[in-house]
Amino acid sequence: MEKGFIIRKATGEEMLALWGVREIKKASPTAKFFYDNISTGNTVFWTLDHDGELLGELYVFLNLEDKDFADGRNTAYLCAFRVKKEYRGQGYGSRLIATALEDLKQIGFCRATIGVGSEEPQNVRLYRRLGFITKIKDCHYDPCGMDENMRPRYEETVWWLLQKEL
Ligand SMILES: CC(C)(COP(=O)(O)OP(=O)(O)OC[C@H]1O[C@@H](n2cnc3c(N)ncnc32)[C@H](O)[C@@H]1OP(=O)(O)O)[C@@H](O)C(=O)NCCC(=O)NCCS
């Protein structure tokens with residue numbers, strides 16, 4: 001990787017800063033959910049850091065209510081995957097995922113899942129290339145995208161839950 005760029009685990013406070021949340025009290029339900037899960041260790045926040053500036057993010061949920069996504073033992077769920085616009089298409093996203101998957105394997109997980117909109121051909125192609133080739137099911141929600149009652153928000157559009165063996 002180019003000089004000055006590193007991939008590392010980051011904290012809940014760094015996630016809040018990246019998402020523009022100044023106080024946890026004022027965070028959206030989804031931001032609260034991510035922050036709480038990072039704090040308890042159920043979620044690993046991976047970032048692409050360039051000299052202290054966070055340019056990419058990926059969150060790995062180890063356990064979720066819907067065990068098709070993450071079951072705390074074998075299967076973990078990857079989500080909120082983003083690289084800043086100016087840095088896309090240079091392999092950083094693929095490296096973030098590869099690092100997170102290697103870490104998951106080290107702690108004994110053997111499967112990873114990821115969600116993708118059926119109308120996002122670029123992302124579908126990327127995930128297939130990264131080995132997420134098994135489609136588990138159609139979904140109408142992201143288990144980490146919360147409504148005001150802290151329940152996963154229903155979405156009109158269908159998206160697919162894809163899985164990769166590690
Ligand atoms: C998806 C994303 C994180 C990938 O990161 P990245 O650093 O660009 O990924 P890489 O450089 O390793 O791989 C590039 C691949 O990403 C895909 N991609 C998706 N959107 C892209 C974009 N705007 N620019 C470039 N590549 C994009 C392409 O399939 C590309 O593959 P190709 O070379 O076959 O065209 C990044 O494009 C992004 O932040 N997109 C917007 C947010 C998003 O859609 N996130 C995923 C769902 S939560």
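Indexing begins at 1, ligand by ligand and atom by atom, following the structure's order.
In this structure, the side chain of T47 does not engage the main chain of A10 through any donor-acceptor pair within 3.5 Å. In terms of modelled atom types and a separation under 3.5 Å, the side chain of R82 and the main chain of G56 share no donor-acceptor contact. Side-chain atoms of T43 do not come within 3.5 Å of backbone N or O of F61 as any donor-acceptor pair.
By the 4.0 Å N-to-carboxylate-O rule, K3 lies too far from D51 to be salt-bridged with it. Salt bridge annotation for R153-D142: absent, with no cationic side-chain nitrogen under 4.0 angstrom from a carboxylate oxygen.
Note on residues 105-115: pairs passing side chain to side chain donor-acceptor pair (under 3.5 Å), not counting sequence neighbours, are T75-R111, E102-Q106.
The residues lining ligand 1, counting any heavy atom closer than 4.0 Å, are F81, R82, V83, R88, G89, Q90, G91, Y92, G93, S94, Q122, N123, R125, L126, Y127, R129.
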